[in-house]
Protein chains: 2
Amino acid sequence: MDTNKSNKSKKRQARGSGNARPSLTREVIVRAALKIVDDEGYGALSMRRLGTELSVDPMAVYYHFPNKAALQDGIVEEVMSGIDLGRDDPSKTIAERLCAAAHIYREALLSHPQAVQITAVRSLNTPDSFRPVEFLLELFAEAGFTRTDALAGVNIFARFVRGMVLLESVSMKSMENDHDDITMEALAGKLPLEDFPLMHKAMQEACFIGNEAEFGRATKALIKGLLEEYSNGEKEVDDDVG
Amino acid sequence: MDTNKSNKSKKRQARGSGNARPSLTREVIVRAALKIVDDEGYGALSMRRLGTELSVDPMAVYYHFPNKAALQDGIVEEVMSGIDLGRDDPSKTIAERLCAAAHIYREALLSHPQAVQITAVRSLNTPDSFRPVEFLLELFAEAGFTRTDALAGVNIFARFVRGMVLLESVSMKSMENDHDDITMEALAGKLPLEDFPLMHKAMQEACFIGNEAEFGRATKALIKGLLEEYSNGEKEVDDDVG
DNA sequence: ACCTGAACACCGTTCAAGT
DNA sequence: ACCTGAACACCGTTCAAGT
């Protein structure tokens with residue numbers, strides 16, 4: 001249900017008597033959880049497994065987080081905090097700055113590939129998580145978008161990046177299992193040549209440009225298309241500057 | 001592991017002796033599973049729940065599907081079969097046809113909103129699931145894309161639609177719980193006005209254009225951007241167009 | 001305040017056994 | 001061939017109890 005509303009204010013008050021500073025912190029727990037996900041995959045994260053990782057009774061975590069969903073929100077928060085907005089360069093085109101933001105977003109998510117299935121889908125209410133939104137609203141406003149269009153733009157932008165990265169990560173995972181062409185061959189065998197001529201051609205000349213390049217193309221195309229449609233002002237788009 | 005390789009050829013051979021046609025079919029099972037997901041949500045689907053739905057021992061399903069993942073692939077297959085390619089209108093622009101395909105794809109996925117979390121993420125190996133790919137390759141080829149660019153285009157297109165719809169569906173789900181503005185107010189309270197001026201403005205004039213409109217805008221922008229960048233102009237493809 | 005440990009109601013999957 | 005039912009090794013969560 002409501003995931004993040006319990007322990008917010010009283011982080012750790014220094015008790016008058018014995019200062020047995022709690023070995024267990026939200027931070028420590030989240031990092032351990034993230035480590036499990038990174039090392040063993042999203043499915044390996046359980047409260048019990050987390051307990052053993054922390055060398056603590058599995059139920060101890062429930063003192064710091066109301067439930068597993070809240071813990072996962074903690075993970076999302078941790079990963080999202082890796083988004084570095086300071087890298088924005090205001091001297092560049094709006095299109096370029098939006099593209100850069102997309103790549104920064106993507107990199108933050110992909111820095112924990114096994115966690116993407118969590119991070120891409122859950123959305124937070126913490127102020128920190130809305131700072132990128134405000135930033136993007138600014139950018140779209142600067143491009144001459146109306147308030148409504150800017151909001152739509154941000155929504156589109158965020159969904160685009162998160163969705164794209166998510167599917168990128170699951171395709172990476174399925175790549176790992178197969179030894180590349182083994183499945184290719186099997187697949188080619190199943191597809192009737194006369195019904196799938198283009199697919200066969202494409203598979204023969206294994207022409208895959210790579211995930212990052214694909215993301216780059218898609219991002220550039222989307223942003224260009226959006227800006228052309230909804231910005232009013234002179235955008236001075238001298239096309240693509242290398 | 002490998003999900004769909006077991007029972008393929010022998011669907012139901014008429015036994016010489018007593019014809020006790022099995023009450024349990026892959027079809028029946030998948031449909032029951034999909035019903036559970038539709039009615040009670042993705043999380044409610046378990047082998048045991050499925051057993052009671054079918055009025056059968058929970059383990060009976062394991063005779064028809066090797067594991068739960070295979071069952072889920074069955075669901076994906078079922079939903080994806082709702083994609084109707086026959087609705088393509090070759091007299092229209094390539095851009096329009098691609099947009100139409102995107103909307104058809106989206107509608108097929110959204111026809112089972114609770115299942116999107118499964119359908120959007122898993123990808124199948126069945127020939128049927130590759131027919132849309134071949135179709136899209138054709139469209140991009142017709143637009144003058146090189147083979148490599150066409151493949152990238154299809155990849156981008158598919159990831160875009162699935163990712164977009166997935167995040168659309170999760171945002172719908174979180175909308176249901178909140179009574180719209182209650183969370184809005186709480187959120188506005190948490191965001192310092194001086195740090196988030198644009199967000200506050202946007203939230204005051206609750207300007208949300210709707211999910212379908214957003215998807216339409218995004219799709220149009222993406223496709224326009226892609227076509228402008230990678231198509232060679234006149235689409236006189238004297239190549240292999242039947 | 002912070003952690004433990006037993007207990008509850010679930011899971012997915014295996015496997016021998018029934019018909 | 002097709003289904004049953006017990007069993008195994010897990011889950012998330014609750015709650016009384018410890019310190």
Side-chain angles (χ1 to χ4, degrees), chain A residues 1-29 32-33 36-37 40-75 118 122, chain B residues 1-3 6-29 32-33 36-37 40-75 118 122:
Chain A
M1 309 303 167
D2 38 12
T3 54
N4 44 5
K5 72 167 182 189
S6 56
N7 34 14
K8 44 175 65 167
S9 53
K10 36 181 139 177
K11 272 284 157 100
R12 81 180 75 170
Q13 62 265 56
R15 198 71 228 104
S17 62
N19 163 17
R21 64 157 148 70
S23 53
L24 232 47
T25 332
R26 278 181 110 265
E27 274 280 328
V28 173
I29 294 173
I36 293 174
V37 173
E40 305 164 38
Y42 160 58
L45 179 63
S46 76
M47 302 307 263
R48 295 171 142 94
R49 172 78 188 77
L50 181 56
T52 73
E53 182 76 18
L54 291 163
S55 307
V56 103
D57 186 286
M59 301 309 120
V61 176
Y62 279 96
Y63 183 80
H64 302 269
F65 293 90
N67 50 37
K68 197 184 180 183
L71 173 66
Q72 290 179 144
D73 282 346
I75 293 180
I118 313 171
R122 294 197 74 90
Chain B
M1 309 305 164
D2 38 11
T3 55
S6 55
N7 35 13
K8 45 174 67 168
S9 54
K10 35 181 144 179
K11 274 279 157 103
R12 81 180 74 172
Q13 63 263 53
R15 198 73 229 103
S17 62
N19 164 16
R21 64 157 149 68
S23 53
L24 232 48
T25 331
R26 280 179 108 265
E27 274 280 327
V28 173
I29 295 173
I36 293 174
V37 173
E40 306 164 37
Y42 161 56
L45 178 63
S46 75
M47 301 307 262
R48 293 172 142 95
R49 172 78 188 77
L50 181 55
T52 73
E53 181 76 16
L54 291 163
S55 307
V56 103
D57 186 286
M59 301 308 120
V61 177
Y62 279 97
Y63 183 79
H64 302 269
F65 293 90
N67 49 38
K68 197 184 181 183
L71 173 66
Q72 290 179 145
D73 282 346
I75 294 180
I118 313 172
R122 294 197 74 90

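Every chain is numbered from 1 and lettered A, B, ... according to where its sequence line falls, protein lines coming before strand lines.
- An OP1 or OP2 oxygen of dA1(D) is reached within less than 4.0 angstrom by no side-chain nitrogen or oxygen of H64(B).
- For DNA chain D, runs of at least 3 consecutive pairs of the Watson-Crick or G-U wobble type, with both hydrogen-bonding distances under 3.5 angstrom, map to C:4-8 with D:12-16, C:12-16 with D:4-8.
- Picking from dC11(D), dT13(D), dC3(D) the nucleotide with the shortest atom distance to the side chain of S46(A) gives dC11(D).
- Across the protein-nucleic acid pair, K68(A) atom NZ and dT14(D) atom P stand 14 Å apart, rounded to whole Å.
- Note: L45(A) CG to Q72(A) CD = 6.5 Å, rounded to the nearest 0.5 Å.
- When rounded to the nearest whole Å, the span between CD1 of I29(A) and P of dC2(C) equals 11 Å.
- Here the closest heavy-atom approach between residue Y62(A) and residue N67(A) is recorded as CE2-CA, 4.0 Å.
- Within residues 48-59 of chain A, the residues having any heavy atom closer than 4.0 Å to DNA chain C are, in order of number, R48(A), V56(A), D57(A), M59(A).
- For the pair M47(B) CE and dT14(C) C1', the computed distance is 12 Å after rounding to whole Å.
- If you measure from atom OH of Y62(A) to atom P of dA6(C), you get 17 Å, rounded to the nearest angstrom.
- Between dC3(D) and S23(B), a contact under 4.0 Å exists linking OP1 or OP2 to a side-chain N or O.
- Scanning both residues, L50(A) and A33(A), for their nearest heavy atoms gives CD1-N, 3.6 Å.
- Atom CZ in R26(B) sits roughly 14 Å away from atom P in dC2(D) (whole-Å rounding).
- Expressed to the nearest 0.5 Å, how far CD1 of I36(B) lies from CG of L54(B) amounts to 7.0 Å.
- Remark: D73(A) CG to K68(A) NZ distance equals 12.5 Å, nearest 0.5 Å.
- The phosphate of dC3(D) (OP1 or OP2) has no side-chain N or O of Y63(B) nearer than 4.0 angstrom.
- Atoms CZ and CD, from R49(B) and E53(B) in turn, are 4.5 Å apart once rounded to the nearest 0.5 Å.
- Atom-to-atom distance recorded for M47(B):CE and T52(B):OG1 is 12.5 Å, nearest 0.5 angstrom.
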